[in-house]
Each structure stands twice: as C-alpha cells, then as structure tokens.
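Labels below follow one simple rule: chain letters A, B, ... track the order of the sequence lines, proteins then strands, and each chain is numbered from 1. Remember, it's a predicted structure, so these values are computed and weren't measured experimentally.
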Amino acid sequence: MTFIRTIKGTQDILPGQSHRWQALETTIRNIMDRYGYKEIRTPVFERTELFARGIGEETDIVSKEMYSWTDQGGENLTLKPELTAPVVRSFIQHNLGGQSPINKLYYIDALFRRERPQKGRYRQFHQFGIEAFGSEHPEIDAEVIALAMALFSNIGLTGLTLKLNSIGSPECRRNYRNAIRDFLTPHFDELSETSRNRFEKNPLRILDTKIPHEIEILNDGPNVSDSWTEEDKTHFNEVCALLDAMGIQYELALRLVRGLDYYTRTTFEITSTALGAQDAICGGGRYDGLVETLGGKPTPGIGFAAGMERILLALGEESSSSSTNQVYIVGLGDAVRPTVLELAENLRRNNVATEFDTLRRSMKAQMREANKAGVKYAILIGDQELASGQAEVKDLSTGDQQKIALDALVAHINSLPF
RNA sequence: GUGGGUGUAGCUCAGCUGGUUAGAGCACCUGGUUGUGGCCCAGGAGGCCGUGGGUUCAAGUCCCAUCACUCACCCCA
C-alpha cells in the first residue's frame with residue numbers, strides 16, 4: 001500500500017506559507033488597480049486548438065509540454081499552459097474591443113506544463129500578468145514595463161535586470177530570418193543538432209543558444225536591429241526614451257528572442273540574480289498580430305507574464321509571523337465551557353480574533369498555547385470567575401492581570417491597545 | 001527525453017575504515033504539589049535507516065537494481 005502523494009512538479013502551499021502568497025496577491029491587486037488594469041478570469045481548460053494556433057505549433061509548449069486529452073464527447077481539450085491566448089480568446093468572444101478602444105486586463109492564475117521540474121520550474125505554477133489591447137503606440141509599451149518594475153520594487157525584490165529588445169514587425173522578422181540563414185549557411189557544419197533543426201523551422205531561436213562556439217559565430221552575425229523598418233526603429237527608440245523619462249534602467253538585449261511565436265516589436269525579460277538557472281521572473285512583449293490570428297479584428301496588444309513561484313523564491317524566506325489572533329480564552333473546568341464559547345463568539349462578532357482550547361487541556365497547556373499563538377491578551381475563566389462574574393484579563397507581554405466583569409468584557413477588550 | 005547529486009525521527013542533520021538495544025538539535029507531549037505562558041530542569045512519545053535483491057558470521061554503512069526527491073540540459077515564468 002503506497003501513499004498517494006502530489007504529482008511530480010506540483011506542490012501544496014501549507015499554512016505556514018500561504019500568507020506569503022496572500023501578501024503577494026494583495027500587492028499585485030493594489031498595483032493593478034493603481035495602473036488601471038482590471039482582472040479577467042478564464043477557465044482552467046480550453047480547446048487545444050486555441051493554443052496550437054495562438055502560441056504556435058512549433059513551440060516547445062505546444063509540441064511537447066501540454067496536458068491534453070480527449071473528453072467523452074470527443075473534444076480535444078488542454079489545461080492552459082499560458083494565458084495570453086485565453087485572454088485574447090475572451091477579448092474577441094465578448095467583443096471587448098468594441099466596447100472600449102483600449103482594454104487593460106490582468107490575471108492571477110495557475111498554469112500547467114509537463115516539463116521536467118527544477119528550481120523555479122513546476123508543472124503546475126502560477127503567473128500573474130497583464131494584457132493591454134488597442135494601442136500600437138510606445139506609451140503603452142512603456143506603461144506595461146513600468147508597471148512590472150513598480151510591482152517588483154514594491155514587493156521588495158532587488159537584484160533585477162530589465163532586458164529590452166525589439167524583434168520588429170513581421171516584415172522585419174522575415175528579412176532577419178533570411179539574413180540569419182544567409183549568414184549561418186557557411187557555418188552550418190559547425191552548428192549543433194538543435195541549431196540545425198532550428199535553421200529550418202525557426203532560425204531566430206538559434207540566437208538563444210548557450211553553446212560558446214555558436215555564440216562566438218553569432219557575434220559577427222547580423223543583429224535584428226539591422227533588419228528593423230523605419231517604423232520599428234522609431235517605435236523602439238520611443239519606448240527607450242519613455243523609459244528614460246521615467247527613470248527606468250534597462251539593458252539592450254539584441255539577442256533576446258522570446259520562445260513564443262506571436263511576439264512582434266518590443267520584447268522584454270526581467271531576470272533576478274537570486275535564482276538558479278531559471279532566472280527569468282517576468283517575460284513579455286508586443287503581439288500585434290495575435291488577435292487577428294485568433295479570429296478577431298486586427299488589434300495591437302502587449303503584455304507580460306510573471307512567475308509567482310520564482311518571485312517568492314527570489315524574495316527568500318522572511319521570518320514574518322502570520323499570527324492574527326489577538327485574544328486567547330483559557331477555560332478551567334467543565335462548568336465554564338458554555339461561557340467560554342459564548343464569550344469567544346461575542347468577541348469574534350466584534351472583530352476580535354479569538355482562540356480557545358478545544359482539547360480540554362490543562363490550564364498550563366492552554367497558557368502555553370496562548371503564548372505560542374502570539375496573542376496579546378489571555379482571558380481566564382474558571383469556577384471562581386463564574387461565581388464572581390468577573391474574568392481575569394492578562395496582558396501576556398507584561399504579565400499584568402486585572403478583573404473585568406463578564407458582561408463588560410467585549411467592550412473592555414475593544415478598548416485595549418493591540 | 002538526457003545527465004549529476006541526495007534518500008536515517010515532523011524539520012535540519014550526525015553515524016569514523018561493515019560489529020551488539022540507531023543518535024543530536026529544534027519542534028511536540030507530560031511533569032517541576034491546589035488555577036497562570038515564555039526561560040530553566042526532569043521525563044516521554046516518535047525511526048520497515050526510500051524499496052527490492054546481493055556480498056558477508058554480521059549491512060544504516062559495501063555492490064546491483066528500482067522508486068522518490070533535487071539540481072542541471074532543452075525550453076520557459
């Protein structure tokens with residue numbers, strides 16, 4: 001009989017950790033609100049075809065990482081491996097573009113990819129992100145990036161690097177693809193097997209290589225910037241100028257090609273020095289053709305996705321306690337139980353976080369528990385208190401104790417400093 | 001899918017070149033005289049030493065296999 005544990009690459013968020021997630025989520029929602037982004041929630045699964053068309057058949061995500069199945073009705077379904085395609089689908093389906101020329105959306109959600117887990121990579125993981133539809137202008141690029149940076153600094157992440165690039169318009173990409181092929185043809189024999197495969201399917205991705213020899217070859221190769229159209233160039237320069245104006249530091253990364261097919265022009269990535277090999281905390285870019293690809297009216301869009309597990313990893317373990325209890329009621333003897341419950345309920349109804357013993361433990365054990373729970377006050381009720389109608393209220397930090405009439409307890413507790 | 005590392009108490013780990021009832025710290029529980037927490041002291045509970053085989057008089061320790069976890073490659077958040 002073997003115990004059934006979590007699926008590889010998934011994890012429980014235990015009570016001692018959940019407050020960290022809550023804090024992160026709260027910050028995200030606050031910042032989103034401040035920047036005018038509204039939450040959108042989409043189903044955990046979608047038609048497989050949505051991802052195949054949206055992300056690209058040749059991408060790793062679609063070709064080998066999706067959790068897909070055929071349901072009893074014969075439909076091909078998939079647990080969402082990323083959120084841009086579902087959000088775009090929703091945007092089109094509900095004609096959000098028709099209701100407002102600009103739509104700024106955000107999400108916090110769980111995603112699924114069947115990869116080999118490692119530090120900062122899980123099969124079920126969480127991302128928050130934004131998608132802004134409707135503007136083709138650099139201002140929105142700059143706002144999206146600024147929001148990401150503001151959010152990270154707000155939660156106290158340091159050691160971040162913003163890497164910025166533009167992979168240009170579709171024409172530019174086409175030209176650049178050819179330029180890369182032309183440049184690499186004489187070096188073809190020196191390339192690795194994966195790079196040779198990419199040579200045909202997606203030569204831009206060869207730029208992602210980490211093999212020193214290939215990096216060396218590429219150093220003399222053409223840059224994307226050589227293939228930019230005038231408009232691409234202007235757009236990129238304006239994005240840079242706006243970031244400069246906001247005092248946001250960035251690094252030009254002309255080799256930065258994101259793995260998803262839908263990107264156009266601006267792409268960016270934010271990495272952290274606090275992580276392992278998987279150091280990208282946030283990645284995003286512009287996808288001006290995607291809405292149309294998925295069957296909507298041509299609509300420019302830009303967004304990013306940030307990995308929450310990686311953020312929490314980079315933040316490290318803080319020693320902040322998650323205790324919220326304020327009062328612990330110590331009851332002594334069988335006779336006081338109804339009074340303890342009544343009192344606890346009254347306090348709780350008056351917004352006082354209250355705890356009491358449900359194990360019928362000794363007074364000493366209850367006091368120890370109160371101490372461990374980190375409450376400020378303990379209320380002691382035994383037979384004597386019941387008889388006199390006065391409970392003992394003890395300040396656990398000072399040890400001071402005073403008698404308070406039972407019917408005045410709630411008011412008294414509310415008047416105390418916490 | 002490929003490679004490396006690690007599996008001993010709830011957690012972090014000791015256990016030397018194979019040798020008798022497998023240890024520590026933290027956490028947990030109970031006490032330290034009647035109904036008062038923390039600190040201290042005493043005691044207690046908790047281990048198929050991942051699993052299966054093998055070598056040996058003898059295996060937590062050596063060998064093989066297997067599983068799990070983990071890190072890395074690929075790629076990505």
**OP:** Starting at the 5' end of RNA chain B, write a dot or bracket for each base, bracketing those in Watson-Crick or G-U wobble pairs whose two distances are under 3.5 Å and using | for partners on another strand.
**Re:** (((((((..((((.....[...)))).(((((.......))))).....(((((..]....))))))))))))....
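Summarising the geometry, the separation between CD on Gln11(A) and C1' on A77(B) is reported as 13 Å, rounded to the nearest angstrom. Remark: C1' of C76(B) and NZ of Lys163(A) are 13 Å apart, rounded to the nearest angstrom. Between the P atom of C67(B) and the CZ atom of Arg5(A) lies a distance of 15 Å, rounded to the nearest Å. The interatomic distance linking Asp60(A) (CG) with A77(B) (P) rounds to 11 Å, in whole Å.
To the nearest 0.5 angstrom, Arg29(A) atom CZ is 13.5 Å from Ile31(A) atom CD1.
Contact check on Asp357(A) versus Arg360(A) returns no salt bridge, with no Lys/Arg side-chain nitrogen under 4.0 Å from an Asp/Glu carboxylate oxygen.
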**OP:** Could you run through nucleotides 26-39 of chain B and give me one letter per nucleotide, 5' to 3': B if any protein heavy atom sits under 4.0 Å from the base, S if only the sugar-phosphate is that close, - if neither?
**Re:** --SSS-B--BBBB-
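Here the separation of A68(B) from G15(B), taken at their P atoms, is 28 Å to the nearest Å. Comparing the C1' positions of G50(B) and G60(B) gives a spacing of 12 Å, expressed to the nearest Å. For the C1' atoms, the distance from A72(B) to C76(B) is 14 Å, rounded to whole Å. Distance noted for atom C1' between G23(B) and G37(B): 31 Å (whole Å).
Contacts of Ala370(A) with the nucleic acid, taken as non-hydrogen atoms under 4.0 Å apart, are absent. Heavy atoms of Glu115(A) sit under 4.0 angstrom from at least one base atom. Using a 4.0 Å heavy-atom cutoff across all strands shown, Tyr122(A) reaches at least one base atom of the nucleic acid. Residue-level contact check: Gly120(A) touches the bases, meaning some heavy atom is under 4.0 Å from a base atom.
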**OP:** Start with the C-alpha distance between Glu385(A) and Gln390(A), add both sets of side-chain angles, then the distance that settles side-chain hydrogen bond (donor to acceptor under 3.5 Å, both in side chains), and finish with yes or no.
**Re:** CA-CA 5 Å; Glu385(A) 288 74 17; Gln390(A) 290 189 314; over 6 Å; no
**OP:** Check step by step if side-chain hydrogen bond (donor to acceptor under 3.5 Å, both in side chains) holds for Glu143(A) and Tyr37(A).
**Re:** CA-CA 11 Å; Glu143(A) 181 188 77; Tyr37(A) 285 73; 2.7 Å; yes
**OP:** List the steps, then state whether ring pair (Phe, Tyr, Trp, His ring centres under 6.0 Å) holds for His187(A) with Phe183(A).
**Re:** CA-CA 8 Å; His187(A) 299 283; Phe183(A) 171 76; 5.4 Å; yes
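Ring geometry for Phe304(A) against Phe268(A) counts as perpendicular: the plane angle is over 60°, on a 0 to 90° scale with 30° as the lower cut. Under the 30°/60° scheme for interplanar angles, the aromatic rings of Phe236(A) and Trp228(A) are found to be tilted.
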